[in-house]
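Let me begin by presenting the structure, written as structure tokens, before commenting on it.
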Amino acid sequence: MFSSLTAPSPSGRGAARLAAAALVSALAVAGVVTGAAPAAAQGAVQGQGGATATIGGLKTYGAAVIHGDGGDQEVSAGLFEMSVEGGGMLQTYGVDVQNPTQKDARYHETPWSGTSLGADKDAGRIRWILQNSYPQVNNLAALAEKAGFRGGLTEQDAAAGTQVAIWRYSDDTDVEAVDPQAERLADYLEKKARDLAEPAASLTLDPPAVSGRPGERLGPVTVRTNAGAATVTPPVDATTNGVRIVDKKGDPVTSVASGTQIFFDVPQDAAADTAELTVQASTTVPVGRAFASESRSQTQILAGSSESTVAATARATWAEQGAIPALSAEKNCAEGALDVTAVNKGDEAFAFELLDSEYTIAPGETRTVTVPLPEDQAYDFTVRSPAGFEQRFTGVLDCRTRSAAAGDTTRTLAEPAPTTVVTPSASPNLAETGSSGTTPLIGGAAIGLVVIGGAVLLLLRRKGDPGQD
């Protein structure tokens with residue numbers, strides 16, 4: 001567990017209030033770093049890895065009816081197909097009946113904690129349904145017999161019945177399959193479902209960001225995967241900065257197994273900079289893994305996988321002196337927020353001010369800042385410094401099913417649900433908000449978090465006294 005943040009300090013709050021008052025319209029959005037930092041390439045370290053796929057639409061499905069206060073609504077219910085980047089196919093069911101899918105939406109393998117499943121006490125029962133129904137069980141006659149009837153169960157009925165049973169647990173909604181056989185299957189699955197643990201990710205790197213000094217081996221970064229072996233791709237600029245990827249003995253690494261610890265071996269004379277490595281493998285993604293989209297497209301849960309390409313990245317940051325932060329982020333649906341984790345391996349404190357609160361990360365410490373975000377809103381969070389450090393976090397916080405939100409109306413799965421993603425201005429000193437054009441930031445570089453509907457200034461600064469908090 002990460003240590004908690006230090007108590008807020010009253011010092012400097014007046015400036016924060018003045019800055020925030022000039023920009024506030026909803027939630028947090030932008031900020032400023034005044035201390036120097038190592039240069040870095042752009043990239044997003046979201047604290048996760050695995051498969052990335054594009055949804056193609058419903059492929060095997062029937063019909064279902066949602067019964068609500070506003071009347072009955074018929075929707076399509078069944079299996080989706082996704083094509084995996086690098087090769088492979090996935091089959092998935094939806095876990096948010098009232099939120100439609102968007103064709104060609106891009107999805108990432110995601111921990112349950114980063115989706116509505118994280119707060120769903122019945123998520124383990126959904127995994128049981130997936131493992132004990134179609135397509136994992138493709139003997140439909142045997143499946144029908146288990147459900148208490150003989151024959152007559154088509155692939156469409158099996159897919160529809162399985163989806164309906166999942167929605168009853170994921171959305172806590174009154175839904176039934178139109179076909180009687182599909183409905184009988186749904187009833188059987190709902191009744192028999194038992195709690196199972198969340199499956200492990202197909203591939204992750206832990207931690208996804210490290211930091212330190214030139215002349216050191218930065219890490220370790222531990223590879224965790226269900227693949228037999230994975231390939232390590234060194235940083236693209238390794239030939240110019242001399243960075244090598246090595247094991248704990250210092251030997252170069254090109255192939256790894258699960259549990260292997262790898263390091264960034266940074267030359268003593270390397271200038272302050274960052275580098276990224278990629279680990280890639282071919283494996284089947286475990287049934288029950290969640291997939292979240294980069295847009296407001298229905299969250300999916302995996303029902304089947306071919307041999308598929310999975311990947312994860314890790315980043316290293318180094319400098320000779322001063323604060324040396326390593327940053328990563330992960331969705332925290334229990335808090336409705338984005339957890340931004342900072343590790344400081346430098347010899348000076350890394351201090352920052354978040355609205356009315358000040359925090360200090362001492363040398364050698366790891367801290368997590370929880371940034372509240374609005375539901376179903378795109379965010380674009382970029383960390384920059386005058387020295388050229390830049391790291392970007394993007395996504396959509398999708399932590400609740402639409403059924404759990406009051407006032408939502410039911411829509412068919414085919415109906416589009418477009419969303420606008422607001423990104424920072426091309427100018428390094430400007431941040432665009434959802435309601436206005438651009439807003440100047442303070443200082444030479446900024447941390448920009450753009451959220452639809454509003455903007456709030458976050459002031460980050462390095463302080464001379466590491467003990468101040």
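- Between the side chain of Thr115 and the backbone N or O of Leu117, at least one donor-acceptor pair lies under 3.5 Å.
- Proximity of Lys103 to Ile55: side-chain heavy atoms (C-beta onward) are nowhere separated by under 4.5 Å.
- Remark: the backbone N or O of Ile129 is not paired with any side-chain donor or acceptor of Ser133 at under 3.5 angstrom.
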Checklist entry - Stepwise, does the side chain to side chain contact (heavy atoms under 4.5 Å, CB included) test hold for Leu140 with Thr154? => result CA-CA 7 Å; Leu140 299 185; Thr154 66; 5.6 Å; no
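- Across Ala290 and Trp112, no two heavy atoms sit closer than the pair CB-CD1, 3.9 Å.
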Item to check | Ser83 and Thr54: CA distance, side-chain angles, deciding distance, side chain to side chain donor-acceptor pair (under 3.5 Å) verdict | outcome: CA-CA 5 Å; Ser83 57; Thr54 300; 4.8 Å; no
Next on the checklist: Run Met89 and Met82 through side chain to side chain contact (heavy atoms under 4.5 Å, CB included) and show every step you take.
Outcome noted: CA-CA 6 Å; Met89 295 296 295; Met82 292 189 186; over 6 Å; no
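- Looking only at distances, a side-chain donor or acceptor of Gln102 sits under 3.5 Å from a matching main-chain atom of Arg296.
- With sequence neighbours excluded, the residues satisfying side-chain contact (heavy atoms from CB on, under 4.5 Å) with Val287 are Leu130, Gln131, Gln136.
- A pairwise comparison of heavy atoms in Tyr93 and Ala159 identifies CE2-O, 3.4 Å as the closest pair.
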Item to check | Candidate pair Asp206 and Val221, rule side chain to side chain contact (heavy atoms under 4.5 Å, CB included), full reasoning | outcome: CA-CA 5 Å; Asp206 182 28; Val221 174; over 6 Å; no
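- The side-chain contact (heavy atoms from CB on, under 4.5 Å) test applied to Ala182 returns Asp157, Ala160, Ala177, Asp179, not counting sequence neighbours.
- Every residue two or more places apart in sequence or in another chain that forms a salt bridge (Lys or Arg N to Asp or Glu O under 4.0 Å) with Glu198 is listed here: Arg289.
- Side-chain atoms of Arg224 never come within 3.5 Å of backbone atoms of Ser258 as a donor-acceptor pair (strictly under, hydrogens ignored).
- Gln280 CD to Thr309 OG1: the interatomic distance, rounded to the nearest 0.5 Å, is 5.5 Å.
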Checklist entry - Would Tyr379 and Leu338 count as a side chain to side chain contact (heavy atoms under 4.5 Å, CB included) if you check the C-alpha gap in whole Å, the side-chain angles of each, and the deciding distance to 0.1 Å? => result CA-CA 10 Å; Tyr379 62 84; Leu338 185 72; 3.6 Å; yes
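- Counting heavy atoms from C-beta outward, Thr368 and Val340 have side chains that stay 4.5 Å or more apart.
- The side chain to side chain donor-acceptor pair (under 3.5 Å) search around Glu335 returns none, not counting sequence neighbours.
- Looking only at atom types and distance, the side chain of Thr317 has no donor-acceptor partner in the side chain of Ser211 under 3.5 Å away.
- Shown here are the side-chain contact (heavy atoms from CB on, under 4.5 Å) partners of Ala51, two or more places apart in sequence or in another chain: Val84, Glu109, Val285, Phe291, Val310.
- A distance-only check finds a donor-acceptor pair linking the side chain of Thr110 to the backbone of His108 [under 3.5 Å].
- Residues passing the salt bridge (Lys or Arg N to Asp or Glu O under 4.0 Å) test with Arg184: none are found, sequence neighbours excluded.
- Proximity of Leu143 to Leu153: side-chain heavy atoms (C-beta onward) are separated by under 4.5 Å at one or more points.
- Annotation: the span from Leu90 atom CG to Ser306 atom OG amounts to 6.5 Å, rounded to 0.5 Å.
- Residues satisfying the salt bridge (Lys or Arg N to Asp or Glu O under 4.0 Å) test with Glu85, not counting sequence neighbours, are Arg106.
- For Tyr169 (side chain) and Glu190 (main-chain N/O), a donor-acceptor pair under 3.5 Å exists by modelled atom type.
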I'd like a table of donor-acceptor pairs (distance under 3.5 Å, sequence neighbours excluded) in which one partner is a side-chain atom from residues 59-70, with atom names and distances.
| unit_1 | atom_1 | unit_2 | atom_2 | d |
| --- | --- | --- | --- | --- |
| His67 | ND1 | Asp72 | OD1 | 2.8 |
| His67 | ND1 | Asp72 | OD2 | 3.4 |
| His67 | NE2 | Glu176 | OE2 | 3.0 |

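- For the atom pair Gln91 CD and Ser305 OG, the distance stands at 9.0 Å (nearest 0.5 Å).
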In a table with atom names and distances, give each donor-acceptor pair under 3.5 Å that connects a side chain of residues 225-233 to protein atoms at least two apart or in another chain.
| unit_1 | atom_1 | unit_2 | atom_2 | d |
| --- | --- | --- | --- | --- |
| Thr225 | OG1 | Ser202 | O | 2.7 |
| Thr225 | OG1 | Ala227 | N | 3.0 |
| Asn226 | OD1 | Thr283 | OG1 | 3.0 |
| Asn226 | ND2 | Thr284 | O | 2.9 |

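- Listed by chain and number, the residues in a side chain to side chain donor-acceptor pair (under 3.5 Å) with Asp398 are Thr299 (sequence neighbours excluded).
- Side chain of Asp120 to backbone of Asp122: a donor-acceptor contact under 3.5 angstrom is found.
- Here the CG-CG distance, from Leu79 to Leu58, works out to 8.5 Å after rounding to the nearest 0.5 Å.
- Here the closest non-hydrogen pair linking Ala316 and Leu218 is CB-CD1, 4.0 Å.
- The OG atom of Ser308 sits 8.5 Å away from the CG atom of Leu302 when rounded to the nearest 0.5 Å.
- Distance check: Asp339 CG to Ser328 OG gives 9.5 Å after rounding to the nearest 0.5 Å.
- Two residues are said to be in side-chain contact when any heavy atoms from C-beta on lie closer than 4.5 Å; Leu205 and Val279 meet this criterion.
- Counting heavy atoms from C-beta on, the side chains of Leu397 and Lys331 come closer than 4.5 Å.
- Taking 4.5 Å as the limit, some side-chain heavy atom of Pro111 sits within range of a side-chain heavy atom of Glu330.
- Residues Thr222 and Thr260 have side chains not in contact (no heavy-atom distance under 4.5 Å, counting atoms from C-beta outward).
- Nearest heavy atoms, Glu155 versus Tyr134: CD-OH, 3.4 Å.
- Partners of Glu183 by salt bridge (Lys or Arg N to Asp or Glu O under 4.0 Å), not counting sequence neighbours, listed by chain and number: Arg168.
- Between the side chain of Ser170 and the backbone N or O of Ile166 there is at least one donor-acceptor pair closer than 3.5 Å.
- A donor-acceptor distance shorter than 3.5 angstrom exists from the side chain of Gln300 to the backbone of Gln298, with no hydrogens or angles considered.
- In this structure, the side chains of Leu327 and Thr341 stay at 4.5 Å or more apart for every pair of heavy atoms.
- For the residue pair Phe264 and Glu276, the shortest heavy atom distance occurs at CE2-C, 4.2 Å.
- Under the side-chain contact (heavy atoms from CB on, under 4.5 Å) criterion, Pro180 pairs with no residue at all, not counting sequence neighbours.
- Minimum interatomic distance between Asp96 and Trp167 (heavy atoms only, all atoms of both residues): N-NE1, 4.1 Å.
- Side chains of Thr92 and Tyr107: no donor on one and acceptor on the other come within 3.5 Å.
- Between the side chain of Arg194 and the main chain of Lys192, a donor-acceptor pair closer than 3.5 Å is present.
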